[in-house]
Amino acid sequence: MSAVRPAPTQCVGPNYRSESQKPTAAVSTDVEVDTVTILPQTPQLIALLSIIRNKNTQRGDFIFYSNRIIRLLVEEGLNHLPTVEHMVTTPVGRSYDGLAFQGKICGVSIMRAGEAMEQGLRECCRSVRIGKILIQRDEETSQPKLFYDKLPEDIADRWVLLLDPMLATGGSAIMAVDVLKSRGVPEERILFLNVLASPQGIRNFATKFPKLRLVTAFVDQGLDDKNYIIPGLGDFGDRYYTR
């Protein structure tokens, strides 16, 4: 069995509450990788994750609460895109020194589970272009194999938000990034968003792509002997689309 770290726990809640007033919960494993951002381990996030981890959660609730987490990931991901100074005039005639997004973006989902994250991106970015990559495991070699890709023709000129809810060993995500790089997308212009990651997957991914940023909601304890994330949440795509 692969190495599994014990789950860290801490009191969670707003700072104005004393430690005795805060419940204790399992929080994300910390990773010492500068290019990885883990969402703040707030009571809201931990509660949402608890719902989608629960094996008894019905499909409708799984979809609803997964979408809430995905929205948080997208909002945080957009914080990492470049902005420029931008002054506007308000309806009362006063100026406001604000910011404007710089450059074009697109989303690329790793089918099929990654497609569940497309709506969250569309809700934050109107008329955003979406590309797709289908990667499946070769039954003979157990290695990821590219079956299909459809990407915007000008993807090399865009910032790319790569979408896949689960990062286990990192094999599929690494192949997806290789596809993007082969189409001219610089590594530093790719941002990978995912719901759950394993420490092993993050290590493999960050070693291969040291300039690529990753935003995740939670880093779990590790992988079992079948390379499933544990404690995990099961097969995200099956629970989102079929169960």
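Here CG of Leu121 is found 5.5 Å from CD1 of Ile105. Values are rounded to the nearest 0.5 Å. Interatomic distance, Arg122 CZ to Met117 CE, rounded to the nearest 0.5 Å: 13.0 Å. For the atom pair Leu161 CG and Glu118 CD, the distance stands at 12.0 Å (nearest 0.5 Å). We find the CG-CG distance between Leu48 and Leu72 to be 7.0 Å, quoted to the nearest 0.5 Å.
Side-chain N or O atoms of Thr9 include none that pairs as donor or acceptor with a backbone N or O of Thr24 at under 3.5 Å. Within the 3.5 Å criterion, the main-chain N or O of Tyr240 finds a donor-acceptor partner in the side chain of Arg59. Judged purely by atom type and a 3.5 angstrom limit, Glu76 has no side-chain atom pairing as donor or acceptor with the backbone of Leu39. The backbone N or O of Asp34 lies less than 3.5 Å from a partner atom in the side chain of Arg213, making a donor-acceptor pair. With hydrogens and angles ignored, the 3.5 Å screen pairs a side-chain donor or acceptor of Ser28 with a backbone N or O of Val219. With Asp235 contributing its side chain and Gly237 its backbone, the two residues share a donor-acceptor pair below 3.5 Å. Remark: the backbone N or O of Lys211 is paired with a side-chain donor or acceptor of Glu187 at under 3.5 angstrom. Between the Thr216 side chain and the Asn194 main chain, a donor and an acceptor come within less than 3.5 Å of each other. In terms of modelled atom types and a separation under 3.5 Å, the side chain of Asn204 and the main chain of Thr169 share a donor-acceptor contact. Side chain of Thr89 to main chain of Gly93: no donor-acceptor pair is present (N/O by atom type, distance under 3.5 Å, no hydrogens or angles).
Considering only residues two or more places apart in sequence or on other chains, Gln44 meets the side-chain hydrogen bond (donor to acceptor under 3.5 Å, both in side chains) condition with Arg68.
For the pair Arg189 and Asp157, the salt-bridge criterion is not met [side-chain N within less than 4.0 Å of a carboxylate O]. A salt bridge links Asp220 and Arg53; the closest N-O separation between the charged side-chain nitrogens and carboxylate oxygens is under 4.0 Å.
Geometrically, Lys208 does not engage Phe205 in a cation-pi contact, judged by NZ or CZ lying under 6.0 Å from the ring centre and within 45° of the ring axis.
Nearest heavy atoms, Ala116 versus Tyr241: N-OH, 3.0 Å. Closest approach of Ile135 to Ala176, counting heavy atoms only: CD1-N, 3.6 Å. In terms of heavy atoms, Ala217 sits closest to Ile38 at O-CG2, 3.9 Å. Nearest approach of Pro152 to Arg158, heavy atoms of both residues: CB-NE, 4.5 Å. In terms of heavy atoms, Leu151 sits closest to Gly131 at CD2-CA, 4.2 Å.
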Under the criterion ring pair (Phe, Tyr, Trp, His ring centres under 6.0 Å), I'd like the reasoning laid out for Phe62 against Phe236: C-alpha separation, chi angles, the key distance, then a yes or no. CA-CA 9 Å; Phe62 183 87; Phe236 189 98; 5.2 Å; yes
Between Arg112 and Asp238, does a salt bridge (Lys or Arg N to Asp or Glu O under 4.0 Å) hold up when you go through it step by step? CA-CA 9 Å; Arg112 78 177 160 161; Asp238 281 355; 2.4 Å; yes
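Taken together through direct or relayed side-chain contacts under 4.5 Å among Ile, Leu, Val, Met, Phe, Trp and Tyr, Val74 and Leu99 form parts of separate hydrophobic clusters.
By the neighbour-count criterion of 12 heavy atoms within 6.0 Å, atom CG of Asn79 is densely surrounded, having more than that number from other residues, nucleotides or ligands. Residue Lys104 qualifies as enclosed at atom NZ: its count of foreign heavy atoms under 6.0 Å is above 12.
With side-chain heavy atoms closer than 4.5 Å counting as contact, directly or through intermediates, the hydrophobic cluster containing Val88 also holds Tyr96.
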